[in-house]
Amino acid sequence: MRLILLGPPGAGKGTQAQRIVARHGIPQLSTGDMLRAAVAAGTEVGKRAKALMDAGELVPDDVVNAIVSDRIEQPDCAGGFILDGYPRTLVQADAVDAMLSEKGLSLDVAIELAVDDSAMVGRILRRAEEAKASGEPVRKDDNAEVYADRLRAYYKSTAPLIGYYYAKGKLRTVDGMADMDAVTAEVEKILADASA
Ligand SMILES: Nc1ncnc2c1ncn2[C@@H]1O[C@H](COP(=O)(O)OP(=O)(O)O)[C@@H](O)[C@H]1O
């Protein structure tokens, strides 16, 4: 199963991805996590990405495409994977299609978590509070000011992917405002249908 989770920041992509990992044993490929790891390690990619990420802007397509292309070559991706936070632009969507079609593969489904944007900033701020309370590092972009920029980047660059996958007949939409378990149940139904 090769799937994409789509939705604005705070929609619950990471949470649902972790549940799919636990249930289906396929890896979660989060470009946000990979980029944060590159920043923490101080690599060339990390140096290019840091200021953009802190400002809530997107990292250049070529940087992210290269990271994903390397990652999906790893043996644990042979049985499928979950793309979380990627593709985030139409250029990236075409890139992942090309990476897969080179291997005679394609994406099975793109699942959109549809949410009410006005509720997302509250979720993000809660996540920051929880991280702080449990002594984990708080993401620099998890605050109300940067959130507004992340949401703008989402509408400008990522929301067009909903039409892109719809046109390919691959889009499925879930109510991301429902409680987490209800969202998981809907996602599971979609995955069952997609692999039937
Ligand atoms: N596919 C991507 N293309 C460009 N930039 C990305 C991509 N994935 C992550 N980033 C960068 O990393 C930041 C955090 O990503 P992520 O953890 O997925 O955040 P979010 O919680 O906003 O979905 C983004 O705001 C962006 O700067």
Side-chain angles (χ1 to χ4, degrees), residues 2-18 20-21 27-41 43-72 81-100 107 110-131 136-162 164-165 174 176 180 183:
R2 284 172 296 275
L3 68 119
I4 300 178
L5 293 173
L6 278 174
K13 301 183 295 288
T15 304
Q16 296 303 328
Q18 283 166 14
I20 300 168
V21 170
Q28 168 192 13
L29 276 45
S30 160
T31 45
D33 288 348
M34 293 180 209
L35 290 167
R36 279 186 288 277
V39 170
T43 64
E44 277 312 307
V45 163
K47 285 180 196 148
R48 277 184 78 181
K50 185 178 187 312
L52 293 165
M53 294 175 73
D54 289 350
E57 287 171 35
L58 296 186
V59 173
D61 291 326
D62 60 334
V63 172
V64 185
N65 287 338
I67 294 180
V68 173
S69 161
D70 285 347
R71 182 65 186 88
I72 64 176
F81 47 77
I82 309 154
L83 293 175
D84 162 15
Y86 179 93
R88 235 183 179 88
T89 65
L90 291 168
V91 171
Q92 293 177 16
D94 282 337
V96 72
D97 268 359
M99 285 172 213
L100 291 174
L107 288 169
I111 303 179
E112 177 201 2
L113 301 178
V115 292
D116 170 4
D117 297 341
S118 60
M120 292 305 107
V121 70
R123 286 191 186 177
I124 295 275
L125 297 180
R126 217 171 308 130
R127 173 163 83 188
E129 284 304 315
E130 282 167 9
E136 288 163 32
V138 176
R139 279 172 53 171
K140 275 217 171 105
D141 57 352
D142 271 354
N143 59 66
E145 297 72 41
V146 179
Y147 184 78
D149 293 318
R150 286 159 68 192
L151 198 59
R152 253 191 298 279
Y154 173 78
Y155 278 107
K156 182 166 176 242
S157 304
T158 310
L161 297 184
I162 292 170
Y164 178 94
Y165 289 112
V174 165
M180 280 197 290
V183 175

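Residues: numbered from 1 along the sequence shown. Both ligands and their constituent atoms are indexed starting at 1 by order of listing.
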(request) Select all protein residues for which some heavy-atom-to-ligand 1 distance is less than 4.0 Å, and list them by chain and number. (result)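 Lining ligand 1 at under 4.0 Å, by heavy atoms, one finds Pro9, Lys13, Thr31, Gly32, Leu35, Arg36, Met53, Glu57, Leu58, Val59, Val64, Gly85, Tyr86, Arg88, Gln92, Arg127, Arg139, Asp141, Arg150.
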
(message) Check Glu130 with Arg127, please: is the shortest side-chain N to carboxylate O separation under 4.0 Å?
(response)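 Here Arg127 does not pair with Glu130 in a salt bridge, since their nearest N and O are not under 4.0 Å apart.
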
(request) Could you pull out the closest heavy-atom pair between Gly32 and Met53, with the gap in Å? (result)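 For Gly32 and Met53, the tightest heavy-atom pair comes out as O-CE, 4.1 Å.
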
(request) Please name the pair of heavy atoms, one in Met180 and one in Gln16, separated by the smallest distance, quoted to 0.1 Å. (result)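 Between these two residues, the closest heavy atoms are O-NE2, 3.2 Å.
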
(request) Under the side chain to side chain contact (heavy atoms under 4.5 Å, CB included) rule, collect the residues that match up with Asp149, sequence neighbours excluded. (result)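 For Asp149 the side chain to side chain contact (heavy atoms under 4.5 Å, CB included) partners, ignoring immediate neighbours, are Arg152.
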
(message) Can you tell me which residue among Thr31, Val45, Val64 is in a side-chain contact (heavy atoms from CB on, under 4.5 Å) with Val59?
(response)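 The residue from Thr31, Val45, Val64 that satisfies side-chain contact (heavy atoms from CB on, under 4.5 Å) with Val59 turns out to be Val64.
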
(message) Check whether Glu145 reaches the backbone of Ala55 with its side chain - one donor and one acceptor, N or O, closer than 3.5 Å.
(response)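 Answer holds: no.
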
